[in-house]
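Right, one structure below, let's go through it.
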Amino acid sequence: MQRDQLQSAISEIRAVYAELARRPLERNCQSLTECCRFQLTGRTPHLTKGEALVAAKGVRAAGRKELPASDDGACPMLKCETGRCLIYADRPFGCRTHFCDAAGGPYPRKFVLDLIRRLEVVDQQLGGVGPRKIEAAVTAALRELR
Ligand code: SF4
């Protein structure tokens with residue numbers, strides 16, 4: 001992947017996240033982190049390639065070259081000691097839109113459909129294969145950033 005292509009993809013993904021943040025939709029996340037414990041929810045976030053590259057950048061910015069090991073079924077980026085996300089500023093789209101019922105529930109798809117389309121366009125431009133499970137997607141992205 002060319003450096004320019006990478007930069008442009010990362011900029012577009014961050015622009016999508018910024019646009020999402022500008023859309024007022026009330027949710028009341030209490031940081032229960034249940035949604036980061038996939039073994040409890042039975043749901044695992046899936047990331048497009050651009051999202052995975054941004055998440056991988058976050059992992060690198062946290063001083064890691066690889067994903068932390070996770071053997072309890074939780075997201076590898078959930079810090080056990082603090083219950084916080086290692087890459088919060090770079091967390092994927094699904095982590096920004098999929099709230100638990102206690103917090104008000106997931107964003108309606110129609111509310112974010114245009115943003116999902118933009119993520120898909122970046123995925124195609126990067127030669128992605130569509131959304132992949134978070135761990136595989138970020139591991140592959142970390143390899144690409146080397
Ligand atoms: S990336 Fe962060 S917010 Fe998303 S599931 Fe993992 S720990 Fe939770």
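Atoms within each ligand, like the ligands themselves, are counted from 1 in listed order. Predicted model, so just to flag it, every value in this text is computed and none were measured.
Metal site remark for atom 4 (Fe) of ligand 1: C95 contributes an N, O or S atom at a distance under 2.8 Å. Among the atoms of C85, an N, O or S atom is found under 2.8 Å from atom 2 (Fe) of ligand 1. Distance check for C75 against atom 6 (Fe) of ligand 1: an N/O/S atom falls below 2.8 Å.
The shortest non-hydrogen separation linking V122 to A9 is CG1-CB, 3.8 Å. Contact between I134 and C75 at its shortest, heavy atoms only, is CD1-SG, 4.0 Å.
Proximity to L78 (heavy-atom distance under 4.0 Å) selects the following atoms of ligand 1: 7 (S). Close approach of ligand 1 to M77 (heavy-atom distance below 4.0 Å) involves ligand atoms 7 (S).
No more than 12 heavy-atom neighbours from other residues, nucleotides or ligands sit within 6.0 angstrom of CD on E66.
The protein heavy-atom contact nearest to atom 8 (Fe) of ligand 1 is C36 SG, 2.3 Å.
In this structure, the side chains of L126 and T48 stay at 4.5 Å or more apart for every pair of heavy atoms.
Cation-pi check for R91 over Y88 is met; the charged atom lies under 6.0 angstrom from the ring centroid and within 45 degrees of its normal.
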